[in-house]
Engineer: 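Can you read through this structure? Questions will come right after.
For clarity, every value in this text was computed on a predicted model and none was experimentally measured. Quick note: residue numbers are just sequence positions, from 1.
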Amino acid sequence: MPLKMKIIFPGNYSVVTRYLGEEKRERCQKLNIRDLNAEEIGRLGPREGGADAPTHQITFYDFGCKRLLNARLIEDAEDRVVFETQGKEYEFSPLRSPRKAEG
């Protein structure tokens, strides 16, 4: 099922990471999000793809390094998507330029 947030490749995005009450904001590029198939979910998820099993594979670059996550979708909106994996939350949203935000 497609996400509500449009992903433009190779667009720039904000990524907010939340873990143990801490929040870290960064920028990322080349964001790609795809659904995991049933076989991948069964292999990656806890006990036969239970409720905490990952639903998506997320690939992005930050500071020139490629990052790959298998995570569970917890929020899907037009302006952001939020995933959870191993107790960490990752929130992705389009990075808007200051000029566009003013006008």
Side-chain angles (χ1 to χ4, degrees):
M1 186 163 115
L3 296 172
K4 294 176 185 174
M5 184 180 85
K6 280 195 165 189
I7 297 175
I8 300 168
F9 192 82
N12 293 304
Y13 293 85
S14 167
V15 58
V16 178
T17 307
R18 296 180 189 95
Y19 183 64
L20 297 175
E22 305 262 335
E23 186 173 284
K24 185 168 134 183
R25 295 178 180 271
E26 296 177 338
R27 294 181 182 199
C28 70
Q29 298 176 319
K30 299 181 183 178
L31 177 64
N32 185 33
I33 301 171
R34 73 169 182 86
D35 293 340
L36 292 172
N37 63 39
E39 181 183 321
E40 291 170 317
I41 290 171
R43 189 178 68 237
L44 296 168
R47 299 202 182 131
E48 293 82 46
D52 290 337
T55 56
H56 291 77
Q57 183 175 76
I58 304 116
T59 308
F60 61 96
Y61 287 79
D62 64 351
F63 302 106
C65 296
K66 182 177 182 177
R67 306 264 318 262
L68 185 127
L69 304 170
N70 293 309
R72 179 175 49 93
L73 179 66
I74 58 173
E75 186 176 339
D76 182 15
E78 289 185 12
D79 63 341
R80 68 186 182 146
V81 290
V82 182
F83 294 91
E84 187 274 330
T85 184
Q86 299 177 349
K88 286 185 180 182
E89 244 182 48
Y90 293 84
E91 177 183 313
F92 296 92
S93 59
L95 190 62
R96 293 168 181 85
S97 71
R99 285 187 204 146
K100 288 184 182 179
E102 290 173 5

Engineer: Between D62 and R27, what is the shortest heavy-atom contact and its length?
Structural biologist: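 Residues D62 and R27, closest heavy atoms: CB-O, 3.7 Å.
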Engineer: For a quick test of reading the model, state the closest non-hydrogen atom pair linking A53 to I41 and the distance between them.
Structural biologist: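 What the structure gives for the nearest pair is CB-CG2, 3.8 Å.
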Engineer: Report, one line per pair, each donor and acceptor closer than 3.5 Å where one atom sits in a side chain of residues 3-13; sequence neighbours left out.
Structural biologist:
from, atom 1, to, atom 2, distance (Å)
N12, OD1, Q29, NE2, 3.0
Y13, OH, I8, N, 2.6
Y13, OH, I8, O, 3.3

Engineer: Return the minimal non-hydrogen interatomic distance between A77 and V81, and the atom names on each side.
Structural biologist: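 What the structure gives for the nearest pair is O-CG1, 4.5 Å.
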Engineer: What are the two closest non-hydrogen atoms of L44 and P54, and how far apart are they?
Structural biologist: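 Scanning both residues completely, I find the closest heavy atoms to be CB-CG, 3.7 Å.
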Engineer: Compare every heavy atom of T17 with every heavy atom of K88, then report the nearest pair and how far apart it is.
Structural biologist: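 Closest pair (atom of K88, atom of T17, distance): CD-CG2, 4.4 Å.
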Engineer: Can you confirm whether more than 12 heavy atoms, excluding those of E78, are under 6.0 Å from its CD atom?
Structural biologist: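 No, CD of E78 has 12 or fewer neighbouring heavy atoms, counting only those of other groups under 6.0 Å.
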Engineer: So do T59 and K30 actually touch side chain to side chain, heavy atoms under 4.5 Å?
Structural biologist: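 When only atoms from C-beta onward are counted, T59 and K30 do not touch, as no gap falls below 4.5 Å.
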Engineer: By salt bridge (Lys or Arg N to Asp or Glu O under 4.0 Å), which residues pair with E40, not counting sequence neighbours?
Structural biologist: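 E40 satisfies salt bridge (Lys or Arg N to Asp or Glu O under 4.0 Å) with R34 only.
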Engineer: Does the side chain of L69 come within less than 4.5 Å of F83's, by heavy atoms?
Structural biologist: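 A side-chain contact is absent here, since even the closest heavy-atom pair is not under 4.5 Å.
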Engineer: With no hydrogens and no angle check, is any side-chain donor or acceptor of T85 less than 3.5 Å from a backbone partner on N70?
Structural biologist: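 Pair found, side chain donor or acceptor close to backbone of N70.
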Engineer: Listing request: all salt bridge (Lys or Arg N to Asp or Glu O under 4.0 Å) pairs with a residue in residues 7-21, at least two apart in sequence or in separate chains.
Structural biologist: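 Qualifying pairs: R18-E23, R18-E89, R18-E91.
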Engineer: Using side-chain contact (heavy atoms from CB on, under 4.5 Å) as the criterion, point out the one residue from I33, D35, T55 that pairs with L73.
Structural biologist: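 Among the candidates, only T55 passes.
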Engineer: Is there a side-chain contact between Y90 and I58, using heavy atoms and a 4.5 Å cut-off?
Structural biologist: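 When only atoms from C-beta onward are counted, I58 and Y90 do not touch, as no gap falls below 4.5 Å.
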Engineer: What is the distance from atom CZ of F92 to atom OG of S14, rounded to the nearest 0.5 Å?
Structural biologist: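 Here the interatomic distance stands at 9.5 Å.
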Engineer: So do the side chains of F60 and E26 get within less than 4.5 Å of each other, counting heavy atoms only?
Structural biologist: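 A side-chain contact is absent here, since even the closest heavy-atom pair is not under 4.5 Å.
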